[in-house]
Visitor: 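Below is one structure. I have some questions about it.
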Amino acid sequence: MADNKICDFLSVRDLEVEYSSGGEVIHAVNGVSFDVESGKTLGLVGETGAGKTTIAKSILRILPDHATKAVRGQIFYKGQDLLAMPLDEMRPFRGSQISMIFQDPMTALNPTKVVADQISEGLVLHQGLDKAAARVEANKMLEMVGISSDRADEYPHQFSGGMKQRVVIAIALACNPLLLIADEPTTALDVTIQAQVLDLIADLKAKLNTAMILITHDLGVVADQCDSVAIVYAGQIVESGSKEQIFDHPTHPYTIGLFGSLPDISKDVDRLSPVEGLPPDPTNLPAGCKFHPRCPKATEACAQGEIPNKELAPGHFCRCINI
């Protein structure tokens, strides 16, 4: 999905992240590279623990200090390497140009502050508005996400889960960021509210021409929202390409397994075909292809050395030697 050429908007190159826990090294992200073009949406897809959220937090440089052992690679945003710049130069990018919708609105919101003040905070910090002007804008943002401004002085506990997520979206979009990172923004919501929130994000993204990285394990959401897709397994991108390439021509055995585990109402089957086994222990990753212990097509060669990322068609890459 990415080569050595740097994209004008966002390019992640050879990103590696290691955590330490209990004296062990956790290899969370292992050589990830991808591009996101201005105004486009990239879907990061994979099982829980694949490293998707770590990739996202690396872009904003909000990885936990106490657990992060090493971060290597480059993250170019509009030509600037975010990982190389001093932290005080990085801070103005957060919330202003790059913003994030966190996975759990229950923990993303401050329970001691009314929602309008939480939206206003970024406007005061990044746009230099006084409190009164920021409050006016915060009320507008609430209305934009479908919450009446007369609820601006209410606390998070007074809102439902779906409404909390709308507040989180309002906070993320308040400063009109150029890049929005949405970390499984509908996981905690019921199906009806999921659809509403996704429609809201898509509408606001179109209005503001915001690029987005959408982290999910729901391929239906990817089909609806994304322009390109990267399949993440054990901290590596094993297949990437346009949405059409991934959905019409899935090639990596893991990608094929993900699609095989989806129900299809046009087929009469007794059981789905899940991906057998469990993801590998990130403290002890297998040699060679990280997926080979679970792969139905694995050979002895799959456990040997680094697996090259082959370009199957322009922009369609797959990390597998059996293709």
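Numbering starts at 1 and runs along the sequence shown.
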Visitor: Could you check whether T41 and K205, counting side-chain N and O atoms only, form a donor-acceptor pair closer than 3.5 Å?
Guide: yes

Visitor: I'd like to know if the side chain of Q196 pairs up with that of R166 as donor and acceptor (distance under 3.5 Å, no hydrogens or angles considered).
Guide: yes

Visitor: Quick check: do L15 and V71 have side-chain heavy atoms less than 4.5 Å from each other?
Guide: yes

Visitor: Does a donor on one side chain sit under 3.5 Å from an acceptor on the other, for D218 and T216?
Guide: no

Visitor: Does the K243 side chain pair with the main chain of C226, one donor and one acceptor, at a distance under 3.5 Å?
Guide: yes

Visitor: At their closest point, which heavy atom of E89 faces which heavy atom of P92, and how far apart are they?
Guide: O-CD, 3.2 Å

Visitor: Could you pull out all residues at least two apart from A211 that satisfy side chain to side chain contact (heavy atoms under 4.5 Å, CB included)?
Guide: F9, V36, L179

Visitor: Please indicate whether E121 has more than 12 foreign heavy atoms, meaning atoms of other residues, nucleotides or ligands, lying under 6.0 Å from its CD.
Guide: no

Visitor: Looking only at atom types and distance, does a side-chain atom of K290 sit under 3.5 Å from a main-chain N or O of Q236, one as donor and one as acceptor?
Guide: no

Visitor: Begin with the C-alpha distance, continue with both residues' side-chain angles, and end with the deciding distance and a verdict on side-chain hydrogen bond (donor to acceptor under 3.5 Å, both in side chains) for H316 and E239.
Guide: CA-CA 8 Å; H316 186 187; E239 186 169 1; 2.7 Å; yes

Visitor: Verify whether one side chain among H249 and E244 offers a donor that lies under 3.5 Å from an acceptor in the other.
Guide: no

Visitor: Assess, by modelled atom type and distance only, whether the side chains of Y19 and T54 contain a donor and an acceptor separated by less than 3.5 Å.
Guide: yes

Visitor: Would the distance check show the side chain of D14 and the main-chain N or O of Q74 forming a donor-acceptor pair, the cut-off being under 3.5 Å?
Guide: no

Visitor: Q158 side chain to Y155 main-chain N or O, any donor-acceptor pair under 3.5 Å?
Guide: yes

Visitor: Are the side chains of L42 and V229 in contact, using a 4.5 Å heavy-atom criterion?
Guide: no

Visitor: At what distance, to the nearest 0.5 angstrom, does OG of S21 lie from NZ of K69?
Guide: 13.0 Å

Visitor: How far apart are the closest heavy atoms of Q225 and L198, and which atoms are they?
Guide: NE2-O, 3.4 Å

Visitor: Go through the steps for E143 and S149 under the test side-chain hydrogen bond (donor to acceptor under 3.5 Å, both in side chains), then give the verdict.
Guide: CA-CA 6 Å; E143 295 282 356; S149 59; 3.0 Å; yes

Visitor: So, do E37 and C7 sit near enough that their side-chain heavy atoms are less than 4.5 Å apart?
Guide: yes

Visitor: Quick check: does any side chain N or O of S261 sit under 3.5 Å from a backbone N or O of L258, one acting as donor and the other as acceptor?
Guide: yes

Visitor: Determine whether I59 and M85 fall in the same hydrophobic cluster, where Ile, Leu, Val, Met, Phe, Trp and Tyr are linked whenever their side-chain heavy atoms lie under 4.5 Å apart.
Guide: yes

Visitor: Check for me, please, whether I62 and Y77 land in the same ILVMFWY cluster - side-chain distances under 4.5 Å, paths through other members count.
Guide: yes

Visitor: Would the number of heavy atoms belonging to other residues, nucleotides or ligands and lying under 6.0 Å from CG of D8 be above 12?
Guide: no

Visitor: Looking at D130 and R135, is there a salt bridge between them, counting it only when a charged N and a carboxylate O are closer than 4.0 Å?
Guide: no

Visitor: Minimum heavy-atom separation for L82 and R61, please, with both atom names.
Guide: O-NH1, 2.7 Å

Visitor: Give the intermediate values and the outcome of side-chain contact (heavy atoms from CB on, under 4.5 Å) for residues N209 and L178.
Guide: CA-CA 7 Å; N209 193 35; L178 298 176; over 6 Å; no

Visitor: Show your reasoning for whether side-chain contact (heavy atoms from CB on, under 4.5 Å) applies to L63 and V17.
Guide: CA-CA 9 Å; L63 294 168; V17 180; 3.9 Å; yes

Visitor: Does a side-chain N-to-carboxylate-O contact under 4.0 Å join R294 and E47?
Guide: yes

Visitor: Got more than 12 heavy atoms from elsewhere within 6.0 Å of CE, M106?
Guide: no

Visitor: Which pair of heavy atoms, one from M100 and one from A172, lies closest together, and at what distance?
Guide: O-CB, 3.9 Å

Visitor: Any sub-3.5 Å donor-acceptor pair from S120's side-chain atoms to A116's backbone N or O?
Guide: yes

Visitor: Are D117 and N110 side-chain neighbours, meaning at least one heavy-atom pair lies under 4.5 Å?
Guide: no

Visitor: For G235 versus V32, what's the shortest heavy-atom pair and its separation?
Guide: O-CG2, 3.3 Å

Visitor: Could you report the tightest heavy-atom contact between L285 and H27, atom names first, then the distance?
Guide: CD1-CB, 3.7 Å

Visitor: Would you say T107's side chain and D104's backbone share a donor-acceptor pair under 3.5 angstrom?
Guide: yes

Visitor: Under 3.5 Å, side chain of R94 to main-chain N/O of L60, donor-acceptor pair present?
Guide: yes

Visitor: For residues 280-315, which residue pairs pass the ring pair (Phe, Tyr, Trp, His ring centres under 6.0 Å) check, not counting sequence neighbours?
Guide: Y233-F291, H252-F291, Y254-F291

Visitor: Inspect the surroundings of NZ in K310 and state if more than 12 heavy atoms from other residues, nucleotides or ligands are less than 6.0 Å away.
Guide: yes

Visitor: Taking R319 for the side chain and I307 for the main chain, is one N or O donor matched with an acceptor at less than 3.5 Å?
Guide: yes

Visitor: Check whether any side-chain heavy atom of T251 lies under 4.5 Å from a side-chain heavy atom of I256, and answer yes or no.
Guide: no

Visitor: Less than 4.0 angstrom from a charged side-chain N to a carboxylate O is my criterion; do R13 and D35 meet it?
Guide: yes

Visitor: Is it true that a side-chain atom of K40 and a backbone atom of D227 form a donor plus acceptor pair closer than 3.5 Å?
Guide: no

